[in-house]
Amino acid sequence: MIKHKMIERYSKLKGGLFDKVTKADVGDGVMKLLEDGVDILAWADPFFPDPSIPKSVQKVMIDAIKDGFPSHYSMPIGMVELREAIASKVSKQTGLEINPSRNVIVTPGSDTALLYSMMPFIGEGDEVLVPDPSYPSNFLNPELLGGVTVRVPLYEEDNYAFRIEEFEKRVTDKTKLVLITHPNNPTTTVFRRENIIELCDFVKKHDLVLVSDQAFEDHIFDGIEFVHPATIDGMWERTLTVCSISKGIGLSGFRIGYIYATDEIMDVLYGGAVNVLGAATTITSLGAVTAIEDTKYLEIVFKKFDRRRKMVYELFSGMDNVSMKMSESGFLTWLDISKLGTSDEITAYLLKEANVLVNSGAAYGKQGEGHIRIVTGCFESDDKANKVFTKIKNALINFNKKNL
Ligand SMILES: Cc1ncc(COP(=O)(O)O)c(C=O)c1O
């Protein structure tokens with residue numbers, strides 16, 4: 001009744017990241033499945049559903065509550081101690097000079113940051129180039145801002161590297177921005193230096209802006225170099241880097257993300273902070289300072305994710321009609337099941353047969369069809385994780401026997 005009053009691009013929203021629970025519903029659907037005893041390997045949420053706050057972080061937050069600290073607003077651009085911790089981390093990672101009061105803004109999670117970082121650049125009809133497959137919000141966000149999402153295919157045979165000719169084919173005089181997820185979710189690809197340089201050359205040549213979503217940057221395996229696009233010649237002035245403590249440190253419930261960029265860009269983002277962001281939560285901002293500074297915890301998480309990716313590789317890589325590459329980053333596995341059926345079919349089959357929810361690759365773009373995404377970082381215990389991965393493997397073996 002009221003929908004006709006809405007702008008069309010909003011009225012088409014369907015109550016969550018994706019509309020079907022077989023994909024990765026963010027509403028009550030998953031909670032219902034959890035109650036029914038389904039193992040959820042479809043939320044990129046480390047250790048879900050087990051508790052996982054580092055002890056040092058817990059202590060700081062409990063002490064702060066006892067002192068009555070968190071009952072007031074913090075600054076809309078983020079608590080100063082947190083911006084300092086972030087600036088120090090980013091300076092160490094990148095060698096860039098990051099001023100905590102000029103180049104960093106804290107956001108309530110990096111999902112907010114992704115939309116906010118594009119707001120000043122995208123108006124009606126402006127085009128945004130988004131690699132496919134990619135994090136699904138990246139396809140939707142430009143359209144929420146009135147822009148047009150232009151998908152740029154990545155190919156499995158290239159290990160999902162950027163093919164610059166595919167970007168060149170799609171650039172027009174309306175193109176304003178390139179939005180990448182680096183490392184990529186769902187493929188775990190860490191874009192290599194030469195490939196990042198090629199992409200940055202393309203961005204500079206066409207005078208575009210780059211938004212680099214680096215939510216998974218904390219865990220890169222096998223000594224692969226992680227190149228921050230903002231550090232490439234001529235890119236600092238045109239790059240907004242979006243990060244999070246949800247993935248690397250596993251504190252998704254804290255809702256702390258951040259953007260770093262030049263003073264010129266940040267003037268505008270600071271200017272809108274009170275209207276658009278409000279501010280991040282005080283208590284989790286304080287916890288995030290310790291979480292970022294306590295790098296020992298990050299090392300523990302790194303080792304665990306490394307074990308998990310190897311565990312999954314051992315289980316699945318020799319199987320009939322299923323193939324995968326060893327994950328390069330984070331806590332995801334990207335399984336090619338195209339010889340068995342469509343992504344949606346196999347996702348639905350695993351839910352029914354193995355009582356496990358994984359993600360249909362189709363949710364990550366056209367190039368994601370024929371794949372499923374498994375979150376290997378779920379559960380505290382390696383044993384529990386192994387049992388659930390084995391359930392998936394056995395169900396896929398049965399599928400082979402029955403159907404092929
Ligand atoms: C690639 C990527 N970026 C950003 C986010 C948003 O994370 P958060 O809002 O928890 O920081 C996610 C969450 O799944 C993600 O996968």
Side-chain angles (χ1 to χ4, degrees), residues 16-18 23-27 30 40-48 52-53 78 82 86 89 104-118 128 130-142 144 154 160 178-191 210-220 226 229 240-260 276-278 280-281 284-285 287-288 291-292 301 305 327-334 357-361 363-365 368 373-378:
L17 253 188
F18 321 111
K23 293 181 184 170
D25 173 86
V26 292
V30 161
I40 309 291
L41 274 69
W43 272 13
D45 189 348
F47 314 119
F48 179 83
S52 60
I53 303 183
L82 179 53
I86 291 166
K89 175 178 175 171
V104 179
I105 188 162
V106 177
T107 57
S110 68
D111 268 331
T112 315
L114 281 172
L115 191 68
Y116 194 50
S117 61
M118 289 198 290
V128 179
V130 183
D132 173 344
S134 185
Y135 181 49
S137 298
N138 293 350
F139 301 125
L140 178 64
N141 283 348
L144 290 181
L154 308 177
Y160 298 103
V178 176
L179 170 58
I180 63 168
T181 296
H182 172 46
N184 204 359
N185 169 8
T187 63
T188 79
T189 309
V190 179
F191 299 103
L210 179 71
V211 172
S212 182
D213 168 10
Q214 298 179 189
F216 284 88
E217 69 178 3
D218 284 315
H219 302 298
I220 311 291
F226 184 78
L240 294 92
T241 307
V242 173
C243 302
S244 176
I245 67 163
S246 295
K247 314 294 177 186
I249 318 182
L251 294 172
S252 56
F254 280 32
R255 309 310 305 130
I256 299 289
Y258 55 92
I259 307 169
Y260 60 89
V276 183
L277 304 176
T281 310
T284 55
S285 292
I292 288 170
V301 177
F305 291 167
S327 299
E328 294 184 349
S329 64
F331 49 90
L332 308 172
T333 282
W334 186 237
L357 183 70
V358 297
N359 300 107
S360 166
Y364 299 86
R373 190 191 79 160
I374 302 174
V375 178
T376 52
C378 285

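Every heavy atom of this structure was used, including side-chain atoms; hydrogens, water molecules and symmetry mates were not. Counting starts at 1 for both ligands and their atoms, in listed order.
- Contacts of Asn141 classified as side-chain contact (heavy atoms from CB on, under 4.5 Å), with partners at least two apart in sequence or in another chain: Leu114, Leu115, Met118, Ser137, Leu144.
- No side-chain heavy atom of Trp43 sits less than 4.5 Å from a side-chain heavy atom of Cys378.
- Annotation: side chain of Leu251 is not in contact with side chain of Ile256 (no heavy-atom distance under 4.5 Å).
- Considering only residues two or more places apart in sequence or on other chains, Ser244 meets the side-chain contact (heavy atoms from CB on, under 4.5 Å) condition with Ser110, Ala215, Ser246.
- Listed by chain and residue number, nothing satisfies the ring-ring contact (aromatic ring centres under 6.0 Å, His included) test with Phe254 (two or more places apart in sequence, or in another chain).
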Could you give the N/O to N/O pairs under 3.5 Å linking ligand 1 and the protein, each with its distance?
| from | atom 1 | to | atom 2 | distance (Å) |
| --- | --- | --- | --- | --- |
| ligand 1 | 3 (N) | Asp213 | OD1 | 3.3 |
| ligand 1 | 3 (N) | Asp213 | OD2 | 2.8 |
| ligand 1 | 7 (O) | Ser110 | OG | 3.3 |
| ligand 1 | 9 (O) | Ser110 | N | 3.1 |
| ligand 1 | 9 (O) | Asp111 | N | 2.9 |
| ligand 1 | 9 (O) | Arg255 | NH2 | 2.7 |
| ligand 1 | 10 (O) | Ser246 | OG | 2.6 |
| ligand 1 | 10 (O) | Arg255 | NH1 | 2.8 |
| ligand 1 | 11 (O) | Ser110 | N | 2.7 |
| ligand 1 | 11 (O) | Ser110 | OG | 2.7 |
| ligand 1 | 11 (O) | Ser244 | OG | 2.7 |
| ligand 1 | 11 (O) | Ser246 | OG | 3.3 |
| ligand 1 | 14 (O) | Lys247 | NZ | 2.6 |
| ligand 1 | 16 (O) | Asn185 | ND2 | 2.8 |

Criterion side-chain contact (heavy atoms from CB on, under 4.5 Å) on Lys247 and Phe305, from CA distance to verdict: CA-CA 11 Å; Lys247 314 294 177 186; Phe305 291 167; over 6 Å; no
